[in-house]
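Data first, discussion second: the structure below is written as structure tokens.
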Amino acid sequence: MAGVLLWVNCGLKENAISLMGFGGKSVRTQRRFRHCSGISFASFSSAIVEPTRSSEERVYEVVLKQAALVKEQRRDVKKRGLNLDNKPIESDFTNEELLNSAYDRCGDVCAEYAKTFYLGTQLMTQERRKAIWAIYVWCRRTDELVDGPNASHITPKALDRWEQRLTDVFEGRPYDMYDAALSDTVTKYPVDIQPFKDMIEGMRLDLRKSRYNNFDELYLYCYYVAGTVGLMSVPVMGISPQTKASTESIYNAALALGIANQLTNILRDVGEDARRGRVYLPQDELAKAGLSDDDIFRGKVTDKWRNFMKGQIKRARMFFDEAEMGVSELSSASRWPVWASLLLYRQILDSIEANDYNNFTKRAYVGKAKKLLTLPVAFGVAFFGHKT
Ligand SMILES: CC(C)=CCC/C(C)=C/CC/C(C)=C/CC/C(C)=C/[C@@H]1[C@@H](COP(=O)(O)OP(=O)(O)O)[C@]1(C)CC/C=C(\C)CC/C=C(\C)CCC=C(C)C
Ligand SMILES: [Mn+2]
């Protein structure tokens with residue numbers, strides 16, 4: 001299976017340009033930015049002092065754009081009287097059988113790589129489930145480019161070609177079966193290309209950067225590689241018709257879940273990443289705690305390290321809390337897998353604590369029994385609104 005995933009068509013045009021989508025316009029939003037240290041000011045000339053937007057503000061612009069797209073589609077659905085759960089919008093793809101087997105193959109990959117998640121998707125409507133699988137496979141393949149066994153051969157040019165291929169997929173020109181499933185998905189649901197492009201940008205960042213000066217830089221990285229997954233998933237998972245929450249706040253929760261997951265991933269993998277010469281933890285916060293890269297390479301659990309880790313875990317939990325508020329606003333059938341993934345990932349933080357913060361040589365994980373127990377708990381929260 002991995003062999004299939006790792007196949008990347010590198011024979012494409014090489015002129016793809018990375019467009020970040022963060023325009024120069026300054027957008028005023030109602031939102032307070034709680035996780036970063038605040039707005040800094042950069043001086044472009046001695047006469048003009050302009051505010052520099054934080055990563056959180058820049059990412060929020062993408063959130064607003066995605067929310068606007070889904071709102072547009074909901075209005076459209078109302079006008080045309082379509083019910084996405086029962087009758088998906090017809091796509092141009094004609095060969096139904098081929099398409100079904102493309103989706104089945106995406107399901108196989110999902111089942112192989114993420115068993116619990118695959119199980120969680122079983123409660124979703126068939127249409128939504130297939131679409132989530134297609135998105136999952138694209139994300140997994142993208143991640144494999146920089147994280148898989150062939151990662152050392154991946155160059156920025158290869159990522160440019162992957163991005164060109166993405167554009168082709170969105171324009172209805174798939175290269176293989178997995179692409180065909182995604183191509184179909186993006187015609188049926190209001191999924192925008194921007195988060196996909198941004199995930200590729202995250203992979204570019206991973207190729208050229210191995211240190212993060214502060215949380216603002218780390219936040220942007222987390223958005224690229226994981227917050228984007230939240231933004232891609234919401235249009236497919238659907239928003240509850242009964243919701244009173246704003247579309248923006250739901251997208252914001254989805255973004256928060258991606259960020260929380262990635263921060264947790266980083267905290268779990270400190271030792272493993274250090275052995276690859278990577279330190280994702282914010283350098284300024286390390287210094288403030290009296291720590292440096294050398295302490296991480298040495299891998300000794302000290303009180304300084306424990307205190308530092310407590311702060312990092314606290315922040316990751318804040319993002320999980322922010323995400324929780326949005327999950328109940330999703331369409332009912334999508335809530336279970338999202339609750340399951342949230343509760344499972346959050347327990348990794350508990351496990352780091354249980355390991356006495358030794359994330360240098362001990363891998364924090366959620367055991368089978370706890371995993372199994374989490375599924376009915378997630379079910380309870382999803383359908384009865386409380387942890388059973
Ligand atoms: C229901 C559900 C969880 C849907 C998401 C399905 C989906 C499309 C997942 C793609 C995940 C993926 C392969 C991302 C590529 C980049 C990556 C690997 C990110 C890391 C994931 C963890 O994977 P793993 O532990 O295997 O990491 P390693 O490669 O081993 O290092 C991430 C940490 C990111 C995962 C991010 C999410 C699953 C985002 C979840 C957010 C939502 C589903 C939105 C929910 C909506 C609301 C309103 C809260
Ligand atoms: Mn990875």
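Order of listing sets the numbers, starting from 1, for every ligand and every atom in it. Just so it is clear, the values below take in all heavy atoms, side chains as well, and ignore hydrogens, waters and symmetry mates.
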Measure from atom 46 (C) of ligand 1 to every heavy atom in A254, S328, G120, A256 and give the option owning the shortest one. A254
Between the side chains of D206 and Y280, does any donor sit under 3.5 Å from an acceptor? yes
Considering only heavy atoms of V327, which atoms of ligand 1 have at least one such atom less than 4.0 Å away? 49 (C)
Note: heavy atom closest to atom 8 (C) of ligand 1, options V146, L342, V229, I250, belongs to V229
Hey, is C139 touching ligand 1 through its side chain, its backbone, both or neither, going by heavy atoms under 4.0 Å? both
Contact with ligand 1 for M237, non-hydrogen, under 4.0 angstrom: yes
Assess Y345 for proximity to ligand 1: is some non-hydrogen atom of it under 4.0 Å away? yes
Ignoring hydrogens and geometry, is there a side-chain-to-backbone donor-acceptor pair from R335 to L330 under 3.5 Å? yes
Which ligand 1 atoms are under 4.0 Å away from a heavy-atom of S341? 3 (C)
Any nitrogen or oxygen of D143, side chain or backbone, less than 3.5 Å from one on ligand 1? yes
Out of F117, Y251, W336, who is nearest to atom 4 (C) of ligand 1 when you count heavy atoms only? F117
Under-4.0 Å salt bridge between R173 and D168: yes
Other cluster members, W133 - Ile/Leu/Val/Met/Phe/Trp/Tyr, side-chain contacts below 4.5 Å: Y118
Under a 4.0 angstrom heavy-atom cut-off, which atoms of ligand 1 come close to V338? 1 (C), 45 (C)
Ligand 1 atoms in contact with G326 (distance to a heavy atom under 4.0 Å): 48 (C)
Counting only heavy atoms closer than 4.0 Å, does ligand 1 sit against the backbone of V225, its side chain, both, or neither? backbone
Salt bridge flag under 4.0 Å for residues R346 and D321: yes
Looking at F215, I'd like to know if the NZ or CZ of R315 sits under 6.0 Å from its six-membered ring centre while staying within 45 degrees of the ring's axis. yes
Can you list the atoms of ligand 1 that are under 4.0 Å from a heavy atom of A253? 49 (C)
Whether D295 and R298 form a salt bridge (side-chain N of Lys/Arg under 4.0 Å from carboxylate O of Asp/Glu) is what I want to check. yes
Which option wins on minimum heavy-atom distance to atom 27 (O) of ligand 1: I135, D269, N265, L231? N265
Check: of R268, R140, Q262, min heavy-atom distance to atom 20 (C) of ligand 1 comes from Q262
Atom 40 (C) of ligand 1: of T264, I239, L257, the nearest heavy atom sits on L257
Sorted by first residue and then second, give each ring pair (Phe, Tyr, Trp, His ring centres under 6.0 Å) pair with at least one member in residues 245-266; sequence neighbours left out. none
Check the pair N252 / Y60 against side chain to side chain donor-acceptor pair (under 3.5 Å), numbers first and verdict last. CA-CA 8 Å; N252 213 45; Y60 196 58; 5.1 Å; no
Test item: S240 side-chain N/O and E329 main-chain N/O as donor-acceptor pair under 3.5 Å: no
